[in-house]
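See below for the structure under consideration.
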Amino acid sequence: MTPDQLSDAIVAALNAAVTDGDLTLSDGVPASVRVERPKVKEHGDYATNVAMQLTKQAGRPPREIAELIAARLAKTDGIAAAEVAGPGFLNVRIDAGAQGVLAAEIVAAGDSYGGSDQLRGVKVNLEFVSANPTGPVTLASARWAAVGDSLARILEAIGADVTREYYFNDHGAQIDRFALSLLARARGQEPPQDGYFGDYVDEVASRVVAAEPDVLSLPDADAQEVFRREGVALMFDEVKRSLRDFGVDFDVYFHEASVHESGAVQQAIDRLTKLGQTYEKDGAVWLKSTDYGDDKDRPLIRSNGTATYIAGDAAYYLDKRQRREFDRVMILLGADHHGYIGRYRALSASFGDDPDKHLEILIGQMVNLVRDGKPLRMSKRAGTVLTMQDLVGTVGVDAARYSLVRYSMDATIDLDLDLWARQTQDNPVFYVQYAHARLASILRNAADLGLAPAGADFDPGLLSTAREGDLLRALAEFPRVVGHAAELREPHRVARYLEDTAASFHKFYDECRVLPLGDEEPTPLHAARLLLVAATRQVVANGLGLLGVTAPERM
RNA sequence: GCCCCCAUAGCUCAGGGGAUAGAGCACCGGCCUCCGGAGCCGGGUGCGCAGGUUCGAAUCCUGCUGGGGGCACCA
């Protein structure tokens with residue numbers, strides 16, 4: 001019996017109490033009740049605080065309400081006991097049998113276990129990373145790559161139709177500075193003060209020269225144009241390649257330059273003007289973003305006639321909303337962009353959208369580096385920027401992605417380079433992957449013995465020890481964890497869940513022999529435990545899949 | 001000055017109003033005749049401060065302290 005099924009049973013009990021005239025609820029019976037796993041074993045398999053929640057509208061003490069539910073619940077199939085405790089908690093024990101059937105259900109569901117139809121039919125556009133093509137993907141961007149892709153996978157698991165999107169800022173001043181920096185390095189000069197530094201600038205510059213040998217004999221403006229075009233193209237390739245190596249495949253790489261070249265920017269501004277959302281002042285065209293809660297109005301067209309960055313955003317946002325009629329535009333940004341929220345919401349509202357419904361901007365905190373216990377300061381100028389590829393090269397894709405996704409986005413994380421570089425069991429990803437390898441190994445050994453997991457008609461009551469019960473309850477949690485991770489946009493919950501579940505499995509393994517010992521005859525218990533192993537392996541594999549981390553058969 | 005995030009064990013971090021606040025690392029001590037010891041078992045210290053809401057607060061609200069990041073006709 002899963003928590004959701006228990007919730008249904010409790011609702012049924014409440015309905016029965018009302019029908020019998022034992023209970024009156026002014027707001028009616030809730031559609032579902034909150035069921036949680038108690039921290040203490042003595043409090044049963046599951047507990048609910050619904051009686052306390054209903055105290056007001058029932059006009060009766062919580063313990064009395066809990067008694068009414070308990071009496072009816074105790075008669076429900078699959079429930080071994082229901083007792084009232086403390087101020088009005090209802091503690092429930094599930095029949096071992098009702099719990100054990102889950103193992104067969106999970107194996108039958110396979111890859112789909114954990115998913116749901118919660119967001120079926122919802123089209124989501126999820127933009128993340130979107131780093132400028134003026135350098136390699138940095139460690140900070142790697143966090144959004146890991147978190148964004150995992151979030152996309154989790155949303156897809158609950159039915160959403162997700163488009164992963166990357167916005168290349170390949171237009172504007174920073175691109176000019178990049179081109180100038182390349183030109184300078186190609187000539188053996190220092191890049192400008194506000195230019196780009198680091199070895200990769202030299203590399204890109206020499207690759208451009210190799211491809212276009214006569215570039216250095218061109219006039220400055222023409223040479224700069226060649227370096228801009230070729231340099232940016234090389235960076236595009238580099239960015240795409242490192243993301244692919246990281247296991248992140250974007251559906252759309254959108255180029256900022258395209259909305260400027262196509263006239264989409266002007267169309268977007270015209271539209272805003274027609275909607276009465278702009279005005280002219282000091283020779284510039286402004287968006288009345290303060291009407292929608294922004295700190296200040298934002299210029300769309302500068303007094304020199306050129307379009308601003310936010311004008312490109314306007315066109316891009318409009319494109320996203322119209323291209324496939326996305327229900328929701330989600331954007332993952334670093335904390336240094338949090339000031340961006342106000343103007344973007346105002347932009348959305350200016351087009352007549354509801355920013356609370358159509359737009360969602362997620363802010364994640366930064367990644368710091370620590371070495372020898374001391375913070376390591378990255379400097380773009382000195383060229384000491386740690387890249388995603390550096391991280392992957394040091395710890396591997398699995399550990400890199402896992403380490404970046406296992407923390408709450410709200411928390412700044414300190415990655416200890418030495419620790420991750422050591423690649424020892426300090427890294428929790430090994431704990432989870434090891435559990436999967438161990439599970440796979442048991443299944444391999446069973447196959448060698450000609451032993452198959454029990455079928456759907458097995459006796460679930462065989463899985464009755466405390467460790468088996470703990471493991472089954474952990475497996476039963478998975479769909480809820482995925483649902484919560486999706487709803488709260490918190491992929492790290494999946495990682496933490498996997499660590500807990502791996503621990504439950506390791507404990508089960510330590511106490512419960514799965515395969516026959518020596519020449520012992522296989523029994524139904526062996527087959528039942530093997531089924532539990534198969535179910536556990538499935539859950540661990542599904543969970544790792546949501547994080548974009550491999551589930552190894554062997555390590 | 002204004003805005004956002006954070007503050008929980010020696011360290012890195014979990015903890016969606018619930019009962020006795022958890023995990024990993026580190027430290028000490030146990031467990032391999034057979035399914036992977038990269039594992040398991042035992043040992044202990046903590047919610048920055050002050051108010052408020054609530055039957056109940058690490059969790060929600062306010063103020064303060066400390067840390068991080070932002071507040072361009074840059075992108």
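Residue numbering restarts at 1 for every chain, and letters A, B, ... go by the order of the sequence lines.
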Open item on the list: Checking the side chain of A/Q433 only, and the main-chain atoms of A/F430 only, is there a donor and an acceptor separated by less than 3.5 Å?
Closed with: no
Open item on the list: From C-beta outward on A/Y309, which listed nucleotide comes closest to its side chain: B/U20, B/A75, B/A14?
Closed with: B/A75
- [ ] Find out whether the Lys NZ or Arg CZ of A/R438 is both under 6.0 angstrom from the six-membered ring centre of A/Y509 and within 45° of the ring's axis.
- [x] yes
Open item on the list: Applying a 4.0 Å non-hydrogen cut-off, can you work out what A/H484 is touching in the nucleic acid: base, sugar-phosphate, or nothing?
Closed with: base
Open item on the list: Tell me if B/C25 is syn or anti. Syn = glycosidic torsion within 90° of 0, anti otherwise.
Closed with: anti
Open item on the list: Students often get this wrong, so: under 4.0 angstrom with heavy atoms, is A/L488 touching a base, only sugar-phosphate, or nothing?
Closed with: base
TODO: Just call it for A/A335: base, sugar-phosphate, or nothing, with non-hydrogen atoms closer than 4.0 Å on any strand.
DONE: sugar-phosphate
Open item on the list: Looking at the base of B/A19, is there any donor atom on it, or on the side chain of A/N91, that sits under 3.5 Å from an acceptor on the other one?
Closed with: yes
Open item on the list: From CE of A/M555 over to P of B/G37, roughly how many Å is that when rounded to an integer?
Closed with: 13 Å
Open item on the list: Would you measure the distance from the C1' atom in B/G37 across to the matching atom in B/C41 and give it in whole Å?
Closed with: 13 Å
Open item on the list: Taking only the C1' atom of each, what is the distance from B/U62 to B/U53 in whole angstrom?
Closed with: 11 Å
Task: Contact under 4.0 Å: A/K39 side-chain N or O vs B/A19 OP1/OP2 - done: yes
Open item on the list: Is any side-chain heavy atom of A/F168 closer than 4.5 Å to one of A/V239?
Closed with: yes
TODO: Sort out the partner of B/G66 for me: Watson-Crick or G-U wobble, both distances under 3.5 Å, none otherwise.
DONE: B/C6
Open item on the list: How many whole angstroms separate atom CG of A/L439 from atom P of B/G39?
Closed with: 14 Å
Task: Who pairs with B/G37 - Watson-Crick or G-U, where each distance is under 3.5 Å - done: none
Open item on the list: Heavy atoms only, 4.0 Å cut-off, all strands: where does A/M409 land among base, sugar-phosphate and nothing?
Closed with: nothing
Open item on the list: Tell me the interatomic distance from A/D510, atom CG, to B/G42, atom C1', rounded to whole angstroms.
Closed with: 13 Å
Task: Sugar-phosphate, base or nothing in reach of A/Q433, heavy atoms under 4.0 Å - done: nothing
Open item on the list: Using atom C1' in both nucleotides, what's the gap between B/G46 and B/A7 to the nearest angstrom?
Closed with: 13 Å
Open item on the list: Does B/G17 have its OP1 or OP2 closer than 4.0 Å to a side-chain nitrogen or oxygen of A/R34?
Closed with: yes
Task: Pairing partner of B/G1 (Watson-Crick or G-U wobble, both distances under 3.5 Å) - done: B/C71
Task: Donor-acceptor side-chain pairing of A/N91 and A/Y46 below 3.5 angstrom - done: no
Task: Aro-ring/base stack A/Y434-B/G39, d under 5.5 Å, angle under 30° - done: no
Task: side-chain N/O A/N49 vs B/A19 OP1/OP2, d < 4.0 Å - done: no
Open item on the list: I want to check one thing: is the phosphate of B/G36, taken as OP1 and OP2, less than 4.0 Å away from some side-chain N or O of A/H506?
Closed with: no
TODO: Check for a donor-acceptor pair, side chain of A/E468 on one end and backbone N or O of A/T465 on the other, with a separation under 3.5 Å.
DONE: yes
Open item on the list: I'd like the P distance from B/A23 over to B/A9, given in whole Å.
Closed with: 14 Å
Task: Minimum-distance nucleotide (side-chain atoms of A/K507 versus B/G36, B/C40, B/C13) - done: B/C40
Task: Centroid distance under 5.5 Å and plane angle under 30°, A/H338 vs B/G69 - done: no
Task: Nucleotide of B/A14, B/G36, B/C74 approaching A/A173 most closely (side-chain heavy atoms) - done: B/C74
Task: Between B/G15 (P) and A/E477 (CD): distance, integer Å - done: 15 Å
- [ ] Could you check whether A/Y509 and the base of B/C35 form a stacked pair, meaning centres closer than 5.5 Å and planes differing by less than 30°?
- [x] yes
Open item on the list: So does A/R34 get a backbone contact from the side chain of A/T48, meaning a donor-acceptor N/O pair under 3.5 Å?
Closed with: yes
- [ ] Mind calculating the distance between CE (A/M52) and C1' (B/A19) to the nearest angstrom?
- [x] 9 Å
Open item on the list: Taking the minimum atom-to-atom distance to the side chain of A/R467, which one of B/C73, B/C41, B/G18 wins?
Closed with: B/C41
Open item on the list: Of the options B/U20, B/A75, B/C71, whose atoms approach the side-chain atoms of A/R302 most closely?
Closed with: B/A75
- [ ] Could you work out which one of B/C40, B/C73, B/A72 sits closest to the side chain of A/K296?
- [x] B/A72
Could you pull out the protein-nucleic contacts involving nucleotides 45-49 of chain B (nitrogen or oxygen on both sides, under 3.5 Å)?
none

Task: A/K507/A/D510 salt bridge by N-O under 4.0 Å criterion - done: no
Open item on the list: Only pairs with both distances under 3.5 Å count, Watson-Crick or wobble alike; so what is the partner of B/U45 in this structure?
Closed with: none
Open item on the list: For a 4.5 angstrom cut-off between non-hydrogen side-chain atoms, does A/R37 reach A/E477?
Closed with: yes
TODO: Could you tell me whether the phosphate oxygens of B/C4, OP1 or OP2, come under 4.0 Å of any side-chain nitrogen or oxygen in A/Y340?
DONE: no
Task: Pairwise C1' distance for B/A26 and B/C32, with rounding to whole Å - done: 25 Å
Task: A/R493 side-chain N/O to B/G16 phosphate OP1/OP2 under 4.0 Å - done: yes
- [ ] Scan A/T55 against the nucleic acid and name what it touches under 4.0 Å (heavy atoms): base, sugar-phosphate only, or nothing.
- [x] nothing
Task: For A/N49, all residues meeting side-chain hydrogen bond (donor to acceptor under 3.5 Å, both in side chains), sequence neighbours excluded - done: none
Open item on the list: Quick check on RNA chain B: between A/D414 and A/A47, whose nearest nucleotide comes earlier from the 5' end?
Closed with: A/D414
Open item on the list: By the 4.0 Å heavy-atom rule, please label A/R513 as base, sugar-phosphate, or nothing.
Closed with: base
Task: Same-atom distance (P) from B/G43 to B/G24, integer angstrom - done: 13 Å
Open item on the list: So if I take every side-chain heavy atom of A/D295 and compare against B/G36, B/C71, B/A75, which nucleotide ends up nearest?
Closed with: B/C71
Open item on the list: With a 6.0 Å cut-off on the ring centroids, do A/H506 and A/Y431 count as close?
Closed with: yes
Open item on the list: Students often get this wrong, so: under 4.0 angstrom with heavy atoms, is A/T412 touching a base, only sugar-phosphate, or nothing?
Closed with: sugar-phosphate
TODO: Using the P atom as the reference point in each nucleotide, state the distance between B/A75 and B/G16 in Å, no decimals.
DONE: 41 Å
TODO: Using a heavy-atom cut-off of under 4.0 Å over every strand shown, decide if A/I363 touches base, sugar-phosphate, or nothing.
DONE: nothing
Open item on the list: So if I take every side-chain heavy atom of A/F89 and compare against B/A19, B/A75, B/C73, which nucleotide ends up nearest?
Closed with: B/A19
Open item on the list: Distance check, C1' atoms only: B/G10 and B/A19, in whole angstrom units.
Closed with: 29 Å
Open item on the list: Students often get this wrong, so: under 4.0 angstrom with heavy atoms, is A/R343 touching a base, only sugar-phosphate, or nothing?
Closed with: base
- [ ] Flag the pair A/K320 and A/E165 as a salt bridge only when some basic side-chain nitrogen lies within less than 4.0 angstrom of an acidic carboxylate oxygen.
- [x] no
Open item on the list: Taking the ring centre of each residue, are A/H171 and A/Y309 less than 6.0 Å apart?
Closed with: no
TODO: Assign each of A/P38 and A/D297 to its nearest nucleotide of RNA chain B by heavy atoms, then name whichever residue's nucleotide is nearer the 5' end.
DONE: A/P38
Open item on the list: Is A/Y431 close enough to B/G36 that one of its side-chain N or O atoms is under 4.0 Å from OP1 or OP2 there?
Closed with: no
TODO: Taking only the side-chain heavy atoms of A/N445 (C-beta and beyond), determine which of B/C35, B/G16, B/C40 contains the nearest atom.
DONE: B/C35
TODO: Look at the side-chain N and O atoms of A/R298 and state whether any lies under 4.0 Å from the OP1 or OP2 oxygen of B/C74.
DONE: no
